[in-house]
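Here is the naming used below: chain letters follow the sequence lines, and residue numbers restart at 1 for every chain. Values in this document were obtained by computation on a predicted structure and should not be read as measured data.
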Number of protein chains: 2
Amino acid sequence: MTIHRASISDLAAQLNLSVSTVSRALSNNSRISEATKQRVWELARQLHYQPNHLAAALRKGRSNTIGVVIPHIDGQFFALVVKGIETLANQAGFNVMICQSNENVAQEQKNIEALLNAQVDGILVSLSLSTHDFQHLEEVRRRGIPLVFFDRIMESEQVSAVVLDDYQGGYDAVCHLLEQGCQQIAHLGGPQHLNICKNRYQGYVNALRKYGQAVNPDLIHFSDLSMQDGRDGMAMLLKKVPHLDGVFACNDLALVGAMQMVKRQGLRIPQDVALAGFSNELFDSLTEPMLTSVDQRCEEMGRTAVELLLEMITAGKHPVTPRHVVLQPTLLIRGSSQRVPAGSIAV
Amino acid sequence: MTIHRASISDLAAQLNLSVSTVSRALSNNSRISEATKQRVWELARQLHYQPNHLAAALRKGRSNTIGVVIPHIDGQFFALVVKGIETLANQAGFNVMICQSNENVAQEQKNIEALLNAQVDGILVSLSLSTHDFQHLEEVRRRGIPLVFFDRIMESEQVSAVVLDDYQGGYDAVCHLLEQGCQQIAHLGGPQHLNICKNRYQGYVNALRKYGQAVNPDLIHFSDLSMQDGRDGMAMLLKKVPHLDGVFACNDLALVGAMQMVKRQGLRIPQDVALAGFSNELFDSLTEPMLTSVDQRCEEMGRTAVELLLEMITAGKHPVTPRHVVLQPTLLIRGSSQRVPAGSIAV
DNA sequence: TTAGTTTGTGCAATCGTTTGCACAAACTAA
DNA sequence: TTAGTTTGTGCAAACGATTGCACAAACTAA
């Protein structure tokens with residue numbers, strides 16, 4: 001019925017107080033007497049008073065909203081990161097606005113613009129596959145809006161970021177494959193302008209070196225890492241090197257595609273070909289055999305990104321020196337790579 | 001450098017115009033001369049003028065933001081619905097604010113409150129598993145904020161909603177199992193206060209009736225439909241009815257759990273036990289055999305929900321009669337249920 | 001020339017809060 | 001008593017845009 005929401009001035013009128021007194025009472029200001037506060041609170045309760053955040057935001061120059069731009073929400077990884085982001089942000093009294101770039105720079109630019117227009121207090125970004133140009137992100141910094149990258153970052157000392165130690169993850173996974181006796185390990189890699197793909201690839205390379213194996217270009221295939229890319233890539237690799245006996249993929253989607261192709265060729269997993277991937281997707285435990293994968297501490301990444309952002313937001317104008325946080329990955333060893341019974345725990 | 005964003009009054013000052021003229025020029029008002037408009041636009045461009053949406057929202061009483069409350073974002077279904085929602089909402093110039101209730105009423109209430117505080121223009125809701133009480137949602141309507149349910153709805157003629165024809169989906173799936181020769185079909189059901197679970201269950205019941213089979217309570221198990229619930233439920237069912245030869249689960253997560261248990265007992269799929277589920281999750285095509293499932297037209301559901309909401313928003317005070325949209329499901333037949341080769345296409 | 005219309009612009013209130021400053025009343029200390 | 005402090009409240013100006021109304025200038029019609 002009451003289509004009109006009670007505002008501070010309604011309260012003030014009914015209580016014969018000034019608007020400012022009511023405002024202060026509501027924010028529990030110490031200069032207001034206890035008696036007055038009680039009267040205000042009581043009436044506020046009765047009238048279902050709810051503060052208008054837009055007005056407050058306008059006045060304070062802060063919207064208490066943070067924006068998030070991610071490549072896509074489907075799949076375990078970003079969903080969990082977002083959960084982490086939301087949890088911490090909400091705790092801190094911030095709303096979260098999520099946008100998907102669909103791996104498309106143009107959309108990413110639009111997302112950023114929309115967030116800026118909505119006057120968000122800060123922005124978290126994980127880059128799209130197709131982002132080579134960073135002007136829209138520079139613009140954010142130029143305007144003095146706090147900005148933190150996570151996972152897929154713009155590599156720069158100037159700006160804060162939270163990443164996984166992708167190098168270590170790749171290194172661990174490949175070392176594990178080597179320890180299982182693999183001699184010809186292939187790599188399904190992603191776009192090399194993305195830090196995560198580049199670093200996982202580096203991990204692969206260095207693990208091989210460490211074990212005294214040469215890096216064979218015929219065993220390496222780069223793509224955008226869709227499931228289809230995984231299938232196709234695997235087919236090509238097997239054509240070039242029929243006796244390859246291990247695969248490290250830059251993500252699990254490509255890995256599962258590769259697995260399908262390996263099976264189709266009648267090869268056994270892990271006896272003939274051992275597999276390891278990255279991301280610890282939900283489906284990893286549902287395939288046969290289950291897929292070995294590097295866990296990315298998704299929620300923690302989300303929470304940490306929010307922490308960095310809040311630091312910057314509360315710091316206000318006083319510039320905070322950019323921070324880089326690196327999280328340590330965990331290799332989850334499962335059936336797709338486990339040849340010799342070992343002490344590792346299958347999940 | 002320019003930490004201070006240009007505002008309308010900055011433009012006005014530099015052009016020796018009044019604020020109102022500038023405002024009108026920017027909105028291309030016909031009462032402003034072409035010459036003036038050009039001057040304003042030119043300077044706006046130069047100064048990178050961006051309107052402050054908060055101020056406009058405050059004045060116009062509209063934030064151009066819509067809120068979405070979903071149980072969780074992980075898993076294919078809601079992720080895709082959200083994609084549909086975002087696409088259409090952005091097209092219409094609206095921002096989207098997404099909140100997860102984590103299947104928890106208390107959190108759902110907080111989400112709703114946060115959205116109301118953020119002055120969203122409308123809210124889309126899919127209920128949490130634990131929502132029995134609808135006060136927080138009534139409150140939304142009481143305040144005159146447009147509200148549309150999707151998928152998991154509050155059953156009421158009073159409020160708009162978009163749903164799948166869950167009954168039909170369940171009916172089709174179970175008919176399919178019956179056609180494959182199943183004689184003892186079990187059902188892994190969800191909380192019966194949720195429309196979707198109730199209707200899928202009804203579909204199960206009626207399909208059995210249609211084929212002249214009795215409904216056996218020993219073949220029915222209700223739970224919250226986690227993967228673990230699926231495993232446990234299946235174990236119980238198999239204990240009561242060892243010769244059951246088909247399972248229809250209310251979602252794919254429970255189904256995949258059931259599948260694990262079936263395999264563990266050494267039964268073959270689909271020869272001994274045929275399986276069908278609901279949601280068409282990504283992993284359905286990754287298990288062995290692949291899982292038969294009912295597709296839910298997720299993106300379409302999201303888009304339709306936004307359409308209904310926008311209708312209500314633009315209608316303003318003039319009440320729109322609530323609409324219910326029912327989408328038709330598609331049964332995707334895969335290896336987990338396909339006993340006899342048929343014309344259906346496995347995906 | 002006069003009255004009426006069109007065209008372009010400005011004034012000022014408004015949306016709901018916040019907050020620096022002023023000020024009266026009550027209290028404290030000497 | 002006097003001066004100084006504390007306590008509680010109100011005034012009024014922001015924040016940045018929108019919009020009803022007023023009004024001057026230019027134009028039109030008779």
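Here Glu300(B) pairs with Arg297(B), Arg303(B), Thr304(B), Leu327(B) under the side chain to side chain contact (heavy atoms under 4.5 Å, CB included) rule; sequence neighbours left out.
If you check distances only, the side chain of Arg39(A) never reaches the base of dG8(D) with a donor-acceptor pair under 3.5 Å. With hydrogens and angles ignored, no donor-acceptor pair closer than 3.5 Å exists between the side chain of Arg59(A) and the base of dG16(D). Between the side chain of Arg24(A) and the base of dG8(D), no donor-acceptor pair of N or O atoms lies under 3.5 Å.
In this entry the distance linking CZ of Arg5(A) with P of dG16(C) reads 9 Å, nearest Å. In this structure, Ile8(A) atom CD1 and dC15(C) atom P are separated by 14 Å, rounded to whole Å. Atom CG in Asn64(B) sits roughly 11 Å away from atom P in dT18(D) (whole-Å rounding). Rounded to whole Å, atom C1' of dG16(C) lies 9 Å from atom CD of Gln119(B). Counting to the nearest Å, the C1' atom of dC15(C) and the CG atom of Leu58(A) are 9 Å from each other. Spacing between atom CG of Asn29(A) and atom C1' of dT17(C) amounts to 14 Å, rounded to whole angstrom units. Rounded to whole Å, the distance from CG on Asn52(A) to P on dC15(D) is 18 Å. In this structure, the CG atom of Leu26(A) is 12 Å from the C1' atom of dG16(C), given to the nearest Å.
Among the protein residues, Thr36(A) comes within range of the sugar-phosphate backbone only, with heavy atoms under 4.0 Å from sugar or phosphate atoms but none that close to a base. Heavy atoms of Ser33(A) sit under 4.0 angstrom from primed sugar atoms or phosphate atoms, though from no base atom. Residue Leu17(A) is in sugar-phosphate contact alone, with no base atom involved, counting any heavy-atom pair closer than 4.0 Å across all strands shown. Asn16(A) comes within 4.0 angstrom of sugar-phosphate atoms only, judged by non-hydrogen atoms across all strands, and of no base.
A salt bridge links Glu42(A) with Arg45(A): the closest approach of a Lys/Arg side-chain nitrogen to an acidic carboxylate oxygen falls below 4.0 angstrom. For the pair Arg142(B) and Glu139(B), the salt-bridge criterion is met [side-chain N within less than 4.0 Å of a carboxylate O]. Under a 4.0 Å N-O distance rule, the pair Arg141(A)/Glu138(A) qualifies as a salt bridge.
Checking side-chain atoms of Ser126(A) against main-chain N and O of Asp151(A) turns up no donor-acceptor pair under 3.5 Å. Side chain of Asp121(B) to main chain of Asn64(B): a donor-acceptor pair is present (N/O by atom type, distance under 3.5 Å, no hydrogens or angles).
Dashed line: the shortest gap from a side-chain N or O of Ser23(A) to OP1 or OP2 of dT18(C) is under 4.0 Å. Ser18(A) has a side-chain polar atom (N or O) that falls below the 4.0 Å cut-off from OP1 or OP2 of dG10(D). Distances shorter than 4.0 Å separate some side-chain N or O of Tyr49(B) from OP1 or OP2 on dA17(D).
Using the Watson-Crick or G-U wobble rule with both distances under 3.5 Å, dA30(D) pairs with dT1(C). Pairing for dG16(D) goes to dC15(C), judged as Watson-Crick or G-U wobble with the two contacts each under 3.5 Å. In this entry dA25(C) has dT6(D) as its Watson-Crick or G-U wobble partner, both defining distances falling under 3.5 Å.
Residues Ile32(B) and Val19(A) each lie close to DNA chain C; by heavy-atom proximity, the contact nearer the 5' end of the strand is made by Ile32(B). Each of Ser20(B) and Lys60(A) has a nearest nucleotide on DNA chain D; the 5'-most of these lies closest to Lys60(A). In terms of position on DNA chain C, the residue among Ala55(B) and Glu34(B) whose nearest nucleotide sits closer to the 5' end is Glu34(B).
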